[in-house]
Visitor: 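Sharing a structure with you now.
Position 1 is the first residue of the sequence; numbering continues from there. Just so it is clear, the values below take in all heavy atoms, side chains as well, and ignore hydrogens, waters and symmetry mates.
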Amino acid sequence: MHTQELTFMTVARPRLLQPDARLAAARLRLLDTYAGLAERGAHLLGRLLAGQAPQQWAHYPEDDAIDKSSGYQWFYHSHSPEDRHGAVEHGHIHLFARRPLWGRRLQSRPERAFAELCDNPSANSTTRHLLTIGFDPKGLPISLFTVNSWVTGDLMLGGDLSLELLSSMKLDTGHPEIDAVIESVTRLCEPELRELMWRRDDALRSHPAADKLQDEALELLSEVRIDLDAKLSAFMTD
């Protein structure tokens, strides 16, 4: 991924309409987070990256950001510019659910069906990858995508359970602004997330390899671009 110089952004505080309290709270939280950063002359990833451009492939933070109470974790990293041809992101966050969130659900009918779709993998991972959020150099989310299991070294969950965990997610990892952005984006982009999971499963279903989760020819399973300005402007008034 490109490692352009981090830049600051300015954000006004518009007045929001509130047709849905949950979405309105997510919109306001997202706007307040970026407005607060702008007021301090700070970048969303500034503290995480210690004000430096990220080193390609390095995890930030090194041992991941883990909320031991809720069972979620994430890390930020960037790839080399050649790794994903045509990508315009600065880097991305990989978001995971730890075993307490899903361990008792693996024998449910939907999860057994998803395991069969994935050729019943035998790996015994302690995390399940939920989502990747791509960011531009300004620290704004620009895409949502899913990757194959060999990329993250763990496994995935069925679409319904993944969406449920994303919808109910609450983060407290010691990185409050990043936590707020992750939570807000997943709330605001629930329609996109449903489409993302459908495309992910379709990609898995149509891939002919016997061990598809470890087939390095299958890396990016699904991706949707997001335009938060357009999404937010639909609920703003002057």
Visitor: Can Arg112 and Glu116 be counted as an ion pair, charged N to O under 4.0 angstrom?
Guide: no
Visitor: Is there a side-chain contact (heavy atoms from CB on, under 4.5 Å) between Leu161 and Phe114? Walk through the geometry before answering.
Guide: CA-CA 10 Å; Leu161 181 51; Phe114 183 69; over 6 Å; no
Visitor: Side-chain donor-acceptor pair under 3.5 Å between Gln73 and Arg98, yes or no?
Guide: yes
Visitor: Measuring from Leu144:CG to Thr186:OG1, what's the distance to the nearest 0.5 Å?
Guide: 9.0 Å
Visitor: Can you find a pair of side-chain heavy atoms, one from Glu164 and one from Arg105, that are under 4.5 Å apart?
Guide: yes
Visitor: So, the side chain of Asp136 versus the backbone of Gly139: is there a donor-acceptor pair under 3.5 Å, distance only?
Guide: yes
Visitor: Going by atom types only, do Asp179 and Trp74 share a side-chain donor-acceptor pair under 3.5 Å?
Guide: yes
Visitor: Determine the minimum heavy-atom distance between Pro121 and Ala115, stating which atoms define it.
Guide: CD-O, 3.7 Å
Visitor: Taking side chain as C-beta onward, heavy atoms only, is Pro61 less than 4.5 Å from His175?
Guide: yes
Visitor: Looking just at side-chain N and O atoms, do Thr132 and His94 make a donor-acceptor pair shorter than 3.5 Å?
Guide: yes
Visitor: So do Leu117 and Arg205 actually touch side chain to side chain, heavy atoms under 4.5 Å?
Guide: yes
Visitor: Quick one: does Ser70's side chain have a donor or acceptor within less than 3.5 Å of a partner on Lys170's backbone?
Guide: yes
Visitor: Can you measure from CD (Glu183) to OG (Ser168) and round to the nearest 0.5 angstrom?
Guide: 10.0 Å
Visitor: Of the non-hydrogen atoms in Pro176 and Arg47, which two are nearest, and what is the gap between them?
Guide: CD-NH2, 3.7 Å
Visitor: Can you name the nearest heavy-atom pair linking Arg194 to Leu163, along with the distance?
Guide: CG-CD1, 3.7 Å
Visitor: Closer than 3.5 angstrom, by distance alone: can the side chain of Asp215 be matched with the main-chain N or O of Ala217 as a donor-acceptor pair?
Guide: yes
Visitor: Does Glu195 come within less than 4.0 Å of Arg200, counting only side-chain N to carboxylate O?
Guide: no
Visitor: Answer whether the closest heavy-atom distance between the side chains of Leu213 and Met156 falls below 4.5 Å.
Guide: yes
Visitor: Group every Ile, Leu, Val, Met, Phe, Trp and Tyr by side-chain heavy-atom contacts under 4.5 Å, then state whether Ile93 and Ile226 land in the same group.
Guide: yes
Visitor: Give, for atom CG of Leu37 and atom CG of Leu45, the distance between the pair rounded to the nearest 0.5 Å.
Guide: 9.5 Å
Visitor: For Asp64, look at atom CG and say whether over 12 heavy atoms of other residues, nucleotides or ligands are found less than 6.0 Å away.
Guide: yes
Visitor: By the definition side-chain contact (heavy atoms from CB on, under 4.5 Å), identify the one residue from Asp32, Leu30, Leu228 that meets it with Ser184.
Guide: Leu30
Visitor: Could you check whether any side-chain heavy atom of Asp227 comes within less than 4.5 Å of a side-chain heavy atom of Ile142, counting everything from C-beta outward?
Guide: no
Visitor: Report yes if the side chains of Phe135 and Leu44 come closer than 4.5 Å at any heavy-atom pair, otherwise no.
Guide: yes
Visitor: Supply the atom-to-atom distance Tyr72 OH to Asp172 CG, rounded to the nearest 0.5 angstrom.
Guide: 13.5 Å
Visitor: Checking side-chain polar atoms at under 3.5 Å, does Thr173 have a donor or acceptor matched by the opposite partner on Asp67?
Guide: no
Visitor: Working note: Glu192 + Val224, criterion side-chain contact (heavy atoms from CB on, under 4.5 Å); need CA distance, chi angles, decisive distance, verdict.
Guide: CA-CA 7 Å; Glu192 290 86 350; Val224 294; 4.1 Å; yes
Visitor: If two hydrophobic side chains count as joined below 4.5 Å and joins carry through other members, does Leu48 share a cluster with Leu171?
Guide: yes
Visitor: Quick one: OG1 on Thr127 to CG on Leu95, what's the gap to the nearest 0.5 Å?
Guide: 10.5 Å
Visitor: Would you indicate whether the side-chain heavy atoms of Glu190 and Ser167 approach each other to under 4.5 Å?
Guide: yes
Visitor: So, do Ile178 and Thr33 sit near enough that their side-chain heavy atoms are less than 4.5 Å apart?
Guide: no
Visitor: For Trp102 and Ala97, indicate whether the former's side chain and the latter's backbone hold a donor-acceptor pair under 3.5 Å.
Guide: yes
Visitor: Taking atom types as modelled and ignoring hydrogens, do the side chains of Tyr76 and His90 form a donor-acceptor contact shorter than 3.5 angstrom?
Guide: yes
Visitor: Before you tell me yes or no, could you show the steps for Asp119 and Lys212 under side-chain contact (heavy atoms from CB on, under 4.5 Å), namely the whole-Å CA-CA distance, both residues' side-chain angles and the distance that decides it to 0.1 Å?
Guide: CA-CA 8 Å; Asp119 304 319; Lys212 64 186 70 179; 3.3 Å; yes
Visitor: So, taking the atom named CZ in Phe96 and the one named CG in Asp154, what distance separates them when rounded to the nearest 0.5 Å?
Guide: 5.5 Å
Visitor: With no hydrogens and no angle check, do the side chains of Asn124 and Arg99 hold a donor and an acceptor under 3.5 Å apart?
Guide: yes
Visitor: Between Phe145 and Ser143, what is the shortest heavy-atom contact and its length?
Guide: CD2-OG, 3.8 Å
Visitor: Given side-chain contact (heavy atoms from CB on, under 4.5 Å), test Met169 with Ile182 step by step and report yes or no.
Guide: CA-CA 9 Å; Met169 175 175 55; Ile182 294 172; 3.8 Å; yes
Visitor: Apply salt bridge (Lys or Arg N to Asp or Glu O under 4.0 Å) to Arg29 and Glu177, showing your working.
Guide: CA-CA 10 Å; Arg29 188 182 185 196; Glu177 292 90 358; over 6 Å; no
Visitor: For Ala123 versus Leu155, what's the shortest heavy-atom pair and its separation?
Guide: O-CD1, 3.6 Å
